Each structure stands twice: as C-alpha cells, then as structure tokens.
Number of protein chains: 2
Amino acid sequence: MNSLTEENYLKALLALSTNSDEVSINDLAKHLDIKMPTVTSMMKKLASKKLVQYESYKPVKLTKKGKQEAAIIVRKHRLTEMFLVEKMGFGWEQVHDIAEQIEHIKSPPFFDKMDELLGFPKLDPHGSPIPDKTGKIVWKHYEKLSDCKKGDTLMLSAVLNSSADFLKFLNSRNLKLGTHIIIDAIEPFDGTMSVSIGKRKEILSGLVCEKLLVENITH
Amino acid sequence: MNSLTEENYLKALLALSTNSDEVSINDLAKHLDIKMPTVTSMMKKLASKKLVQYESYKPVKLTKKGKQEAAIIVRKHRLTEMFLVEKMGFGWEQVHDIAEQIEHIKSPPFFDKMDELLGFPKLDPHGSPIPDKTGKIVWKHYEKLSDCKKGDTLMLSAVLNSSADFLKFLNSRNLKLGTHIIIDAIEPFDGTMSVSIGKRKEILSGLVCEKLLVENITH
DNA sequence: ATAATTTATTAGTCTATTCTAACTTTGTAG
DNA sequence: CTACAAAGTTAGAATAGACTAATAAATTAT
C-alpha cells in the first residue's frame, strides 16, 4: 500500500507526463513544491517499488504499474468531484480541494458506490475523463481555444485548471461546459480573444484561452 | 491544526473518558495499540497545545478545548456514517472503517452539506448522538440490555460497538434499531439472555447484551 | 570546445511518530 | 510498613519525509 505522500508523487508524475512520458526531477519538484533532493530520494523509493523507472541524471518515467496506480487515484479524485457536484450540490469551483483529500481514502466500495449512484459517468465536472477501473484514460479530441481561429463557433467542453479562482472567473463570464463561444477577434500580439458568449461580448486573455478545451461546431 | 495522529489521540481520549473523565496512560495505550512511552510523549505535546491536562504519573484529562476538538471529529465521523447509510445505501456494518478515514477531512462545508442533506440528524446509524457544531453531545437515557430484567419489553435504541463482525451478528438475528425485544430468561451465571425478537427466540451472550442499549417499553 | 548555467545527487540535519530497554513511582497485599 | 507488581517515565534508536549546503553532471551559449 502506498502512503499518502507516495500517492501524491504518483499523481504528479502522471499529470506531468501528458506529453513526453518522461518527467524531469526539476519539474516534479516545482509541481509538488518540494526541493529536488527530496524528489530524488523519493524516486529511488518508488523505483524500488517498481512504480517508476529511474536512473541517475535522467528523467523519470512511470512504469505500467505506476501509471495504473496513479490513474486509480485520479479516478477517485474525479469520481469524488462528480459526486460533490451532482449529488451534494457543490459548485465546480468548490470541489477540487475536497476531492484532493478524499482521493486518498482506502475503500474500493466507497468509490464503486459513488460510481454507481452517478450512473458510471465518463467525465468529471471539469470535462476531464474519469479513468476506468483498470486505469485507462481516454480524452476526447478537443482543441484549445487558443488554437482556434477568428469566426469559429465552439462549445466549451473541458477546462485545464480546476482552481477556485479560475472557475469563479469563468462563472462570472457565464462560461460553463456546453456554452457556445464565437471568436470575434484575436489579438496577434498576446493571443487575447474577443468572443461572443450568447449575447454578451467578452475579452479572454491568452492564458485563459489556453486553459479552455473546446469542440469546433462551426457550421 | 492538529495532525491526523493527534486527532486520533483526542478521539481515543474522549471515548475513554465517558465515565471518569480521567484516562490512564495505560488504557489509552491499549485503546490505540501504541506503547506507553509513545503515549506519554504525545500527552506532553497535547498538553503544550492546551488540549489535555497532564502531570507526571497522573491520569490525563481533556481540557474544554480538547473535548471540543475531539467532539468535532466524532461529529464528522457520525455525520459521515449517517450519510453513507442514508444517502449512499451502505449497511450499518459497512460504514465504520470508511468514516474512520473521512472524519479527518478538513472541510467544514463538506460536513455542513452532509448535515443539511440529511436534515440535521441527531443520531447516527448506530443510535449514537451526533455532537452539535459546538461539540455538545447529548445521550438519551438508555439502559444496557444486560441491566434489564426478565419479562421486560425493550426497544433496541443504540449499539455500543460498530465493528462489522458485531453488526453482522445483529443482522443475522434481525436486530435493528427499533426492534422490540422481550426478555424470556436470564442465565444468572454469565448473564446470557433468552429473548424473543418478534416470533423468533434467540440466545444473546452477556457480552452482546452489554453492547446493546435499549429503551424500556414494558406496558 | 570551453565557460557558464541549469539540473541532479550526496551528505548531513530536522521533525513527527514510533519503538525497546532500563529505571522510577505508585499502589496494594500481606 | 515493606516488598512486589503495575503503571509511568527517561533515554536512545528507527523510519518517513522534508530541508540546506556542497558537489557533480549535463546543457547552453558563446
């Protein structure tokens, strides 16, 4: 059984290996807000448990086993978020911190029951896929709003940041999953977009646009 | 903020001070399955946080502050048990271990929401009172089945042990909260009782009878 | 291709929580 | 009132996880 600390390292490793599969000690240290030497020693420990592949001075890689165990934690996190929103009435901006704690609960029946009560959902309240029980994660083919072009009509489908601040910002602009967005203009310098959300005109910074995943529904 | 470990000591202290208010290091050590020296040093720590009153070679006492913080943990435990049974469909024998973990979650809104969804319950699924937000705990005036006499008609109102084994035993005898029990005979030697539960006759050991709290409803 | 910068590792320390072994106090049985 | 058992404490060590300072390897930039 992995400790809470080990679980947090695994989760961070999975989160950081979206692209390259390989994660530097430095990135991991920054992500976890922990110093590099601490990370190095934890990598040795996780390697001895066959959860990561580790060699001195090389980036780290989750093993199949490590990837699976990490995905199960993510599964518990996202099921919890869904449960908090759908069954307990929380807003999508309130659930991250609670789920961050509940994801470490050791009780398969607890999460199975959530899953069942929710009707075996595929997506969490932020549009991220809920890994299945074997640890498989399937993302739909979304694109970042920041990669779309002027005139496109888009549907907001997922957000890449679940912090309360970011989600409160989206709430204040009436941006929810499913909301339609039309790109009226793009500022070439910094990627700021002028968009239409329903009848409202809004300005979204480049940073915000990078965190919004959309489906292109331009007719 | 208290650590998970500290919280477990506080809870144990509260559980053991039902009668005398004072708890011996030895009892605490046994209850937590931890050696006495470890307990001693934790008592010094809790004393420095003004959670217990501690003097060398004397039994320990929760301070008002300690009692309150312990009760809040018990509140979270019992609200969770109630939620698991009422809103998630678990049996009363399945919820203790899960609640044991969830009671340490740091999120007042999470427990407030449970409370609200449950309609502000006063009792948990085992008949124990749920402490209020200030930490006040009010037990109804139950008696132990083991203290009742032949011919009494009783209503099972609470159980003093929430272990899965014990509760599965009660399930197998159709004993639930609210069930009526008539004492047909008491074995003087060991307190074994012959009882009627509905139309069924059952034998309950003295140990079991001590764990059952009842209301006397003899006509 | 060599210096400068960044990244990673080693070595040693710290805190929280636990343990064992040895000693001290308290309380009780004659 | 003593002697012994039970309860409690002290001292010293272990483990997990985190840190800092110093060193080493790898990368980048001239």
Side-chain angles (χ1 to χ4, degrees), chain A residues 1-17 19-62 66 69-70 73 100-101 103-104 106, chain B residues 1-17 19-62 66 69-70 73 100-101 103-104 106:
Chain A
M1 190 70 14
N2 303 315
S3 71
L4 189 155
T5 308
E6 289 166 339
E7 289 195 348
N8 283 142
Y9 277 90
L10 288 175
K11 206 170 47 122
L13 246 357
L14 183 63
L16 293 174
S17 43
N19 317 311
S20 51
D21 215 68
E22 300 197 322
V23 181
S24 74
I25 301 289
N26 199 228
D27 286 353
L28 197 44
K30 278 177 189 149
H31 187 89
L32 289 167
D33 194 21
I34 276 173
K35 295 295 184 287
M36 277 199 287
T38 310
V39 173
T40 297
S41 61
M42 182 56 87
M43 288 310 102
K44 289 177 181 173
K45 186 177 180 192
L46 294 183
S48 79
K49 297 177 85 170
K50 306 258 186 265
L51 294 166
V52 304
Q53 238 175 274
Y54 168 74
E55 287 173 89
S56 275
Y57 297 104
K58 294 236 194 79
V60 192
K61 243 171 89 168
L62 281 170
E69 297 193 10
I73 304 164
E100 202 76 5
Q101 299 178 66
E103 69 190 5
H104 301 291
K106 260 66 174 181
Chain B
M1 189 72 10
N2 303 315
S3 70
L4 188 154
T5 308
E6 290 167 338
E7 289 195 348
N8 283 142
Y9 276 89
L10 289 175
K11 205 168 49 122
L13 246 357
L14 184 64
L16 292 174
S17 43
N19 318 310
S20 51
D21 213 70
E22 301 199 319
V23 182
S24 73
I25 302 289
N26 198 228
D27 286 353
L28 197 45
K30 278 175 188 151
H31 187 89
L32 289 167
D33 195 22
I34 277 174
K35 296 294 184 285
M36 277 200 287
T38 310
V39 173
T40 296
S41 61
M42 182 56 87
M43 288 311 100
K44 290 177 179 172
K45 187 178 181 191
L46 293 184
S48 80
K49 297 176 86 169
K50 304 260 189 264
L51 294 166
V52 305
Q53 238 174 272
Y54 169 75
E55 287 172 86
S56 276
Y57 297 104
K58 293 236 196 80
V60 192
K61 244 171 86 169
L62 281 170
E69 296 192 9
I73 303 164
E100 203 74 7
Q101 299 177 67
E103 68 190 6
H104 301 292
K106 262 66 175 180

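Naming: A, B, ... by sequence-line order, numbering from 1 per chain. This one's a predicted model, so the numbers in the text were calculated from it and none came from an experiment.
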What does nucleotides 13-20 of chain C look like as a protein-contact string, B for base, S for sugar-phosphate only, - for none, at under 4.0 angstrom between heavy atoms? ---SSBBB
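Look at Thr40(A) and you'll find a side-chain N or O under 4.0 angstrom from OP1 or OP2 of dT9(C).
Taking both residues in full, the closest heavy atoms of Glu22(B) and Pro59(B) are given as OE1-CG, 3.5 Å, listed atom of the first, atom of the second, then distance. Between Ser17(B) and Val23(B), the closest heavy-atom pair is CB-CG2, 3.9 Å.
One distance of note links OG1 of Thr38(A) with CG of Leu32(A); it measures 10.5 Å at 0.5 Å rounding.
One can place CG of Asn26(B) at 13 Å from C1' of dA5(D), the figure rounded to the nearest angstrom. In this structure, the CD atom of Glu22(A) is 12 Å from the P atom of dA8(C), given to the nearest Å. To the nearest angstrom, P of dT26(C) lies 14 Å from CD1 of Ile25(B).
In this view, Lys106(A) and Met1(A), Glu7(A), Gln101(B) satisfy the side chain to side chain contact (heavy atoms under 4.5 Å, CB included) rule, not counting sequence neighbours. With sequence neighbours excluded, the residues satisfying side chain to side chain contact (heavy atoms under 4.5 Å, CB included) with Gln53(A) are Lys61(A). Ser41(A) pairs by the side chain to side chain contact (heavy atoms under 4.5 Å, CB included) definition with nothing, not counting sequence neighbours.
Counting only residues at least two apart or on different chains, no salt bridge (Lys or Arg N to Asp or Glu O under 4.0 Å) pair has a member in residues 24-39 of chain B.
At a threshold of 4.0 angstrom between heavy atoms, the contacts of Lys44(B) are confined to the sugar-phosphate backbone, with no base atom among them.
Salt-bridge annotation for Glu69(A) and Lys50(A): absent, with no side-chain N of the basic residue lying under 4.0 Å from a carboxylate O of the acidic one.
Sorted by residue number, the members of residues 50-58 of chain A with any non-hydrogen atom under 4.0 Å from DNA chain C read Tyr54(A), Ser56(A), Tyr57(A).
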